[in-house]
Enquirer: 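Quick one: this structure, given as structure tokens, is what I'll be asking you about.
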Amino acid sequence: MELNGIVISPDPRLRQECAEITEITSEIEELAERMKREMFENGGCGLAAPQVGELVQLVVIDVDYTSADDYDPYVLINPQIVESSDTTRPFSEGCLSIPGINCEIERPDHVVVEAYDLDANLMRYEASGDLMCVCLQHEIDHLHGVTMFERLEPQRRMHALREYQEARARGAMPGETS
């Protein structure tokens, strides 16, 4: 199921491993542009390709924009976490594919990610204790079929699933959080 161009949980596409991108084609460039547009229109700060129904390892992220004038997302192709801290911290996360709720997720508070950009340059992103750090991990999870529900302990997962069902029954749309 899709709402506003976003694949909504429990769609099985959100639980699949995504294929690596072996060549940056015009289709991949067009997908990146579509993802940027969908992320902006739905008020997100990160979006992974499976969230728009494409099972490839592509992510767009912009955690700093305040308007269309300063909107310039990073495009990450085949991103990998190459380093993460042993220390973790909780962060309240939302997800365009799971509208209407937030979940407190415990994640490493420092990561280093390597990915290719649209010009096939290998890029390195490093983030600590902020939204960028969380967003990198959250979106890379999507590429491996992991949603924020899978990051919760069983009892908290059941509670979050119940909250999500209630939010969907109220008509929650992508970009809405609790």
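None of the values given here were measured: they were computed from a predicted structure.
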Enquirer: Same hydrophobic cluster for F149 and L143, using side-chain heavy-atom links shorter than 4.5 Å among ILVMFWY?
Expert: no
Enquirer: What ring-ring contact (aromatic ring centres under 6.0 Å, His included) pairs are there with at least one residue in residues 25-62, not counting sequence neighbours?
Expert: F40-Y65, F40-Y71
Enquirer: Under a plain distance cut-off of 3.5 Å, with no hydrogens placed, do H159 and E163 share a side-chain donor-acceptor pair?
Expert: yes
Enquirer: Once rounded to the nearest 0.5 Å, what's the spacing between atom CG of L122 and atom CD1 of I77?
Expert: 11.0 Å
Enquirer: Salt bridge check: are E93 and R107 linked by an N-O gap of less than 4.0 Å?
Expert: yes
Enquirer: Step through the shown structure and confirm whether more than 12 heavy atoms of other residues, nucleotides or ligands are within 6.0 Å of CD on E29.
Expert: yes
Enquirer: Give the table of side-chain donor-acceptor pairs shorter than 3.5 Å for residues 95-106, with sequence neighbours excluded, one pair per line with atom names and distance.
Expert:
unit_1	atom_1	unit_2	atom_2	d
S97	OG	V7	O	2.6
S97	OG	Q51	NE2	3.1
E106	OE2	T88	OG1	2.6

Enquirer: Run the side-chain contact (heavy atoms from CB on, under 4.5 Å) test against A127 and tell me which residues pass, sequence neighbours left out.
Expert: D130, M132, C133, L136
Enquirer: Membership question, hydrophobic clusters at under 4.5 Å side-chain separation (ILVMFWY): are I140 and V82 in the same one?
Expert: no
Enquirer: Could you state whether L47 and L58 fall into the same hydrophobic cluster, counting links through intermediate Ile, Leu, Val, Met, Phe, Trp or Tyr residues with side-chain heavy atoms under 4.5 angstrom apart?
Expert: yes
Enquirer: With ring-ring contact (aromatic ring centres under 6.0 Å, His included) as the rule and sequence neighbours excluded, what pairs involving residues 97-137 come up?
Expert: Y74-Y125
Enquirer: Please set out all donor-acceptor pairs under 3.5 angstrom arising from side-chain atoms of residues 19-26, sequence neighbours excluded.
Expert:
unit_1	atom_1	unit_2	atom_2	d
T25	OG1	E27	N	3.3
T25	OG1	E27	OE1	3.1
T25	OG1	I28	N	3.3

Enquirer: List for me each residue that meets side chain to side chain donor-acceptor pair (under 3.5 Å) alongside N121, sequence neighbours excluded, and say none if there are none.
Expert: D117
Enquirer: Work out which heavy atom in V56 is nearest to a heavy atom in P50; give both atom names and the distance.
Expert: O-CD, 4.2 Å
Enquirer: Do V111 and E126 pass the side-chain contact (heavy atoms from CB on, under 4.5 Å) test, and can you show the C-alpha distance, the side-chain angles, and the key distance before you say yes or no?
Expert: CA-CA 6 Å; V111 293; E126 187 167 356; over 6 Å; no
Enquirer: Once rounded to the nearest 0.5 Å, what's the spacing between atom CG of D64 and atom CG of D72?
Expert: 10.5 Å
Enquirer: Determine, using the 4.5 Å side-chain heavy-atom cutoff (strictly less than), whether M123 and V59 are members of one ILVMFWY cluster.
Expert: yes
Enquirer: Taking NZ, NE, NH1 and NH2 as the nitrogens, is one of them in E54 or R34 under 4.0 Å from a carboxylate oxygen of the other?
Expert: yes
Enquirer: Under 4.5 Å between any side-chain heavy atoms of H142 and M148, yes or no?
Expert: no
Enquirer: Do you know which two heavy atoms are closest between I81 and S84, and how far apart they sit?
Expert: CG2-CB, 4.2 Å
Enquirer: Identify the two heavy atoms, one from N42 and one from P174, that lie closest to each other, and give their separation to 0.1 Å.
Expert: OD1-CB, 3.6 Å
